[in-house]
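Below, chain A is the first sequence line, B the second, and so on; all start at residue 1.
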Amino acid sequence: MDKHFDAATAEARISAAWEERGCFRAGANAKPAADGGPAETFSIVIPPPNVTGSLHMGHALNNTLQDILCRWHRMRGFDVLWQPGQDHAGIATQMVVERALAAAGEPGRHEMGREAFVERVWQQKDESGGIIIGQLQRLGASCDWSRNRFTLGRTDDDQMSRAVLEVFVRLYEEGLIYRDKRLVNWDPYFETAISDLEVEQVQIRPRKDAGKLWRFRYPLADGATYEAPVAWDEDGTPTRHETRDYIVVATTRPETMLGDTGVAVHPDDARYAHLVGKHVVLPLVGRRIPIVADSYADPETGTGAVKITPAHDFNDFDVGKRTGLRVINVMTSKAAMFLEGNADFLADADPEPDTLALDGKDRYEARLRVVELMEIAGLLDGVDDNPHLVPHGDRSKVAIEPFLTDQWFCDAATLAKPALEAVKAGDTRFAPENWEKTYFQWLENIQPWCISRQLWWGHRIPVWYGPPKDDSVPIHGLAYSSKDWVPFCATDFAGVREQAEAYYEGRTAFEFDASRYDEKNRIKLPVDRVMEDFQNAGQEHNFHMGLVEDETMDPERVVVLNRDEDVLDTWFSSALWPFSTLGWPDETSQLERYYKTDVLVTGFDIIFFWVARMMMMGLHFMKDDTAKPEVPFHTVYVHALVRDEHGKKMSKTLGNVIDPLDLIDQYGADATRFTLTAMAAMGRDVRLSVSRVEGYRNFQTKLWNAARFCEMNDCVPVAGFDPASPTRPVNRWIVGETVRMVAAVDEALAAYRFNDAATTLYDHIWKTFCDWYLELSKPLLQGEDAGAQAETRATAAWALDRIIICLHPIMPFVTEALWEETGARAGGRPGMCAHADWPVLAQDLADADADAEMGWTIRLIEGIRSLRAEMNVPAGAKLELVMTGHTPAVAMRLLRNSELVQRMARLSEVAVAEHAPDGSVTFSLDDCAISLPLAGVIDVEAESARLTREIDKLVKERKAVEAKLANERFLTKAPAEIVAENRQRLETLAGEITRLEAALARLATLG
RNA sequence: GGGCGAUUAGCUCAGCGGUAGAGCGUCUCGUUGACAUCGAGAAGGUCACUAGUUCGAUCCUAGUAUCGCCCACCA
């Protein structure tokens, strides 16, 4: 064996071997259940990474933990399915491709057209989709790659797409999906609606065009006035008023004032009571808008009057609805002003030319200009800095606009109920538990989920629209607005056609073919190849049916259906992941066998996006044997975010991103994995420091060299070795330590305490096995006693094997390599380490006597070493040891282990005596005193100082224990074993103090 | 505004109702030794603060301070 484990070359080789042998296929290594039936299953679905993404630290942590669970179960004989896959990630992927097009100077998506663009995205997916898989494999992820899935099918009849369409259609039919026109979060960069979850609030600091609060004066119409307070006393009571003919309102978005349709005051606000029902004249626009009473207006805030722009503010929309205000949209889908040709805006208005000149201007430009125009008009009352939160699109990073559009919504509140109940009933549990609260809180206040996106990359909504049946307008040149459309929803056009032809009573339905769309040429096409004139007029999708020119067809006999242009939110398909990957909607044996899955491992940032929605969809569509709705997984393990060393979120702009692949290159996948595991304490952030990775790389080397030592000493695994068979205390002791280690690892993993498992292994391997067992075994391995040697070789090999097996889930590569290395001399291993049998060890293998003896021996050696170092005894010098104050049993113990102690503590002789020799240094060990004669070399002063210090410490402790034992209430109330423990401790302390004091006295005579 | 979490060694973090731990760093000593990616030893802590519960609190409870995150928001 080499001195070091060469991770770089070994990892690739081992990875390939696992794949070649199908080690991770579902069912590989599965063992029959106790009753002889099929193996118990253990299934996990991977949180599918974005298909164009690459592995980041969050993935590394997430997949390491999943891999640990999967490997652990696989070794224990479960039928493990770790289902891999990738997400089509609508916005993110479309963004990547659009950027790539722009960077390459190629035409943008609008120039390309939908079909060509989507094809281009598929091309991108085919090119880069495998990258993330390769990266996961480098990490060692033991997914069943033969079952890799993608959330989006190439065609609607692909199973993964059928699942999505099926769900959509069923929910539509149940009334849980519906189309509605309402304000949505509109991303002007991507020109799509986004859900509430995709909006993040960003703190805006005051700058020229944002982060300010502008106050405007809206003149009262018809000569109305009111008394406004202008001075207040200390209590805030107005002391002086002035008569005003205007109302002051404030806004952080001045450009929206062009769409104002009212001013609201609180119904109880005496200042304005008599103005309710009167009007103001909207400056710049010349529109008379009413003053309405609505409790939304807060009398304490500002002037108590608030401008109402129903089309551009969520609160205002509600106020407008309650008070019957008009809704006037003044922006395009790109958040530019939409004024000219805007019938809603122009109705009953008399806009100034300067105002109309804003048409087409960007919202921020328009904002500044509106302020300017108001100032010129003398109506700017003032402006204050006003840092505030502004909603931004989480991907585009631009400010979102509330925007009035037709969108598809999912009745999340209805679906949320079973999802809530399932967690409350314990059908699904969160670990750590406190995330349940977060989950509840969100689901209890859940709003309708906007599921339609105005993107091209995604599952296209399976709804086709046709004209109203009683519409007498001929099919030729027909223009519909969305509200008139009659929707037909089915998983494919055949189903739609059936519905439509029934609805239209025998007219033949044709599907609009988007690929024939050619805006430039406006080709006149036959009716079955009708073209569409799609105009995005800004405030909403206004689709106009195109010309239909085929005189041979009878318009009365024909109807043209137009498929909805929108695609579904990516998370809609992700929500189906636990069952769509298993073949749903087909009733497959895989679904039967592996659903529900066992554990979902995820970061808390997607509990709402993903976990909650999987719960909703799983419970809605899946049933168990008793027809009861079935959760998608029984446990959700929520891990933390990976941050940098100082707790900062890793981000490109901060430049603190650690690339897991760099770590793997430099330190190996195992060290990277071990670090993440050791730091993955439940409920805490993971602050990743490279020095720790290095430390665990060293740990790997340590283990490697321990195995190398075993090899050099012919510690070869013995077939059928019985761990109860060793007779030497050292060997019996390491068997016991191994039993405890395995139990602790099992317990930790069962409780998802990954860091405990890692710590247990680290300590066992480095401290127990390497530092002590291997050292203690050297005399036996290298000694004359052939029996002891054979026993020790077998025991060491056995203990090392248990170590390799138990470490495998966390460090799969080095353990696989060691499995091969250590098995080579035993004639090879029957299988790979990934399929090794997880140890099942009887607790009674641990021998208490051996534990006590070795524990004592270790402490003796430590004591001697400590004293030598403190007394500056040269490392090479061999000392004598004299034990005093001992019982015969302890003397026997010392003599039994004298060879070990001599070797490890560098002693020339070990003896027992009545009295310690003069000129010796002494320490106390349990019931005896250990003296090292150092006559001549001893620094009396230093030694007496050391002893005094030691005695002081012990006396102090004795005092504390005495006080405890003198406390009547302690004696009566504390558990008996604690009391006994303290009594024992007092006795020990007293003995130690006595012995050390005696040593100190002896020293005094010497000085 | 609502919720969650944190505060332990120089740094990064575990832990726990009864003797305070790890990694890295620091200091001393050590290479014929499986491993210098190492070994032996050591130094370093009022477990944020205050009060309570308890025989006993770093741990449980409440409050305070500081920091972080999530959700919802004032025009």
Side-chain angles (χ1 to χ4, degrees), chain A residues 1 3-5 196-197 201 213 215 249-253 256 264 296-298 300-309 313-316 386 388-389 432 434-435 437-438 441-442 445 604-605 607-608 640-641 643-649 667 671 675 678-679 681 683-713 755-756 758-759 762-763 770-771 774-775 778 861-862 865-870 872-876 904-906 957 960-961 964 967-975 977-979 981-982 985:
Chain A
M1 282 175 77
K3 262 188 167 182
H4 304 291
F5 172 60
D196 298 346
L197 283 176
Q201 304 293 334
L213 188 64
R215 295 195 305 276
V249 295
T251 180
T252 55
R253 296 187 298 153
T256 63
Y296 168 67
D298 176 7
E300 304 297 323
T301 303
T303 59
V306 54
K307 66 190 270 300
I308 301 297
T309 322
D313 183 282
F314 290 102
N315 287 312
D316 291 6
N386 179 38
H388 62 284
L389 296 173
N434 56 302
W435 289 108
K437 214 165 179 175
T438 308
Q441 206 182 329
W442 188 67
N445 299 300
F604 60 78
D605 51 330
I607 289 179
F608 304 149
L641 251 43
R643 299 172 180 280
D644 79 358
E645 211 169 338
H646 305 289
K648 294 230 167 64
K649 216 169 173 170
Y667 300 106
T675 307
M679 303 192 79
R684 297 273 304 233
D685 286 343
V686 173
R687 295 197 193 181
L688 187 72
S689 67
V690 176
S691 64
R692 248 181 116 146
V693 183
E694 192 181 344
Y696 291 127
R697 188 274 319 266
N698 296 351
F699 167 64
Q700 169 185 282
T701 306
K702 185 73 184 174
L703 171 62
W704 184 261
N705 279 288
R708 188 161 159 255
F709 171 83
C710 289
E711 188 200 41
M712 293 166 82
N713 285 280
N755 58 313
D756 283 354
T759 308
Y762 187 92
D763 287 345
C770 292
D771 287 351
L774 291 186
E775 293 302 331
K778 278 176 185 173
I861 294 166
E862 283 175 335
R865 284 173 174 172
S866 178
L867 215 50
R868 290 178 62 115
E870 223 162 327
N872 293 315
V873 177
M904 295 189 65
R906 288 183 185 265
E957 203 182 329
V961 177
K964 231 183 228 184
N967 185 341
E968 191 58 37
R969 288 190 299 178
F970 173 73
L971 296 176
T972 53
K973 296 206 173 179
E977 68 184 51
I978 295 291
V979 175
E981 204 178 290
N982 276 276
R985 175 110 192 99

Just N and O in the side chain of [X]: are any of them under 4.0 Å from OP1 or OP2 of [N]?
X      : N     : answer
A:N698 : B:C38 : yes
A:N315 : B:C74 : yes
A:K3   : B:A36 : yes
A:K437 : B:C4  : yes

Can you tell me, in whole Å, how much space there is between the [atom1] of [N] and that of [M]?
N     : M     : atom1 : result
B:C16 : B:G25 : C1'   : 26 Å
B:G2  : B:U54 : P     : 31 Å
B:U53 : B:C59 : C1'   : 13 Å
B:U12 : B:U26 : C1'   : 16 Å
B:C47 : B:A14 : C1'   : 13 Å
B:C60 : B:C70 : C1'   : 26 Å
B:C35 : B:A9  : P     : 37 Å
B:G68 : B:A75 : C1'   : 30 Å

Using atom [atom1] of [X] as one end and atom [atom2] of [N] as the other, report the distance to the nearest whole Å.
X      : N     : atom1 : atom2 : value
A:M679 : B:G21 : CE    : C1'   : 15 Å
A:K964 : B:C55 : NZ    : P     : 14 Å
A:R868 : B:A40 : CZ    : C1'   : 10 Å
A:M904 : B:G41 : CE    : P     : 9 Å
A:F314 : B:A75 : CZ    : P     : 15 Å
A:I978 : B:U19 : CD1   : P     : 9 Å
A:N386 : B:A75 : CG    : C1'   : 9 Å
A:M1   : B:A34 : CE    : P     : 14 Å

*For A:E862, what residues pass the side chain to side chain donor-acceptor pair (under 3.5 Å) criterion, not counting sequence neighbours?*
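Per chain and number, A:E862 pairs via side chain to side chain donor-acceptor pair (under 3.5 Å) with no residue.
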Touch check for [X], heavy atoms < 4.0 angstrom, all strands: base, sugar-phosphate only, or nothing?
X      : answer
A:D771 : sugar-phosphate
A:T252 : sugar-phosphate
A:E977 : nothing
A:C770 : base
A:E694 : nothing
A:A706 : base
A:P874 : nothing
A:N967 : sugar-phosphate
A:R697 : base
A:Y762 : sugar-phosphate
A:A297 : base

Given [options], the nucleotide with the shortest approach to the side chain of [X]:
X      : options             : result
A:L389 : B:C55, B:G15, B:C73 : B:C73
A:F604 : B:A14, B:C69, B:G33 : B:C69
A:T301 : B:C35, B:C74, B:G41 : B:C74
A:R906 : B:G39, B:G33, B:G18 : B:G33
A:R865 : B:A40, B:A34, B:G3  : B:A40
A:S866 : B:A34, B:G18, B:A42 : B:A42
A:M712 : B:A34, B:U19, B:G23 : B:A34
A:R692 : B:G18, B:G23, B:A75 : B:G23
A:T701 : B:U12, B:A75, B:C35 : B:C35
A:F608 : B:G3, B:C70, B:A34  : B:C70

*Mark yes or no for whether A:D313, through its side chain, and A:T309, through its backbone, hold a donor-acceptor pair below 3.5 Å.*
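No; judged by distance alone, with no hydrogens or angles, the pair does not exist.
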*Check: A:R906 side chain, A:G876 main-chain N or O, donor-acceptor pair, under 3.5 Å*: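 Answer holds: no.
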Is there a Watson-Crick or G-U wobble partner for [N] with both distances under 3.5 Å, and which nucleotide is it?
N     : value
B:A42 : B:U26
B:G21 : B:C13
B:C60 : B:G52
B:C69 : B:G3

Closest contact, heavy atoms only, [X] versus [Y]:
X      : Y      : result
A:D316 : A:K307 : OD2-O, 3.4 Å
A:A905 : A:R868 : O-NH1, 3.1 Å
A:L774 : A:A706 : CD1-CB, 3.7 Å

*Would you call A:F5 and A:L703 a side-chain contact if the rule is heavy atoms closer than 4.5 Å?*
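No - every pair of side-chain heavy atoms lies 4.5 Å or more apart.
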_Quiz item: A:E300 side-chain donor-acceptor pair to B:A75 base, under 3.5 Å_ =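 Per atom types, no contact qualifies.
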*asked:* With a 3.5 Å cut-off and heavy atoms only, can you find an N or O donor on one side and an acceptor on the other between the side chain of A:R985 and the base of B:U19?
replied: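 Counting by modelled atom types and ignoring angles, a donor-acceptor contact under 3.5 Å is found here.
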_Centroid distance below 5.5 Å plus an interplanar angle below 30 degrees: do A:H388 and B:C74 meet both conditions?_
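So no, this residue does not stack on that base, at least one cut-off failing.
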_ring pair (Phe, Tyr, Trp, His ring centres under 6.0 Å) for A:Y762 and A:Y696? Distances and angles first, verdict last._
CA-CA 9 Å; A:Y762 187 92; A:Y696 291 127; 5.5 Å; yes
*A:F314 CZ to A:D196 CG distance, which is reported to the nearest 0.5 Å*: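 Going from CZ on A:F314 over to CG on A:D196, the span is 7.0 Å.
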*A:N982 and A:R985: side-chain donor and acceptor closer than 3.5 Å?*
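Side-chain D/A pair, A:N982 to A:R985: absent.
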*Hey, which sits more toward the 5' end of RNA chain B by its nearest nucleotide, A:I861 or A:R708?*
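The residue closer to the strand's 5' end, by nearest nucleotide, is A:R708.
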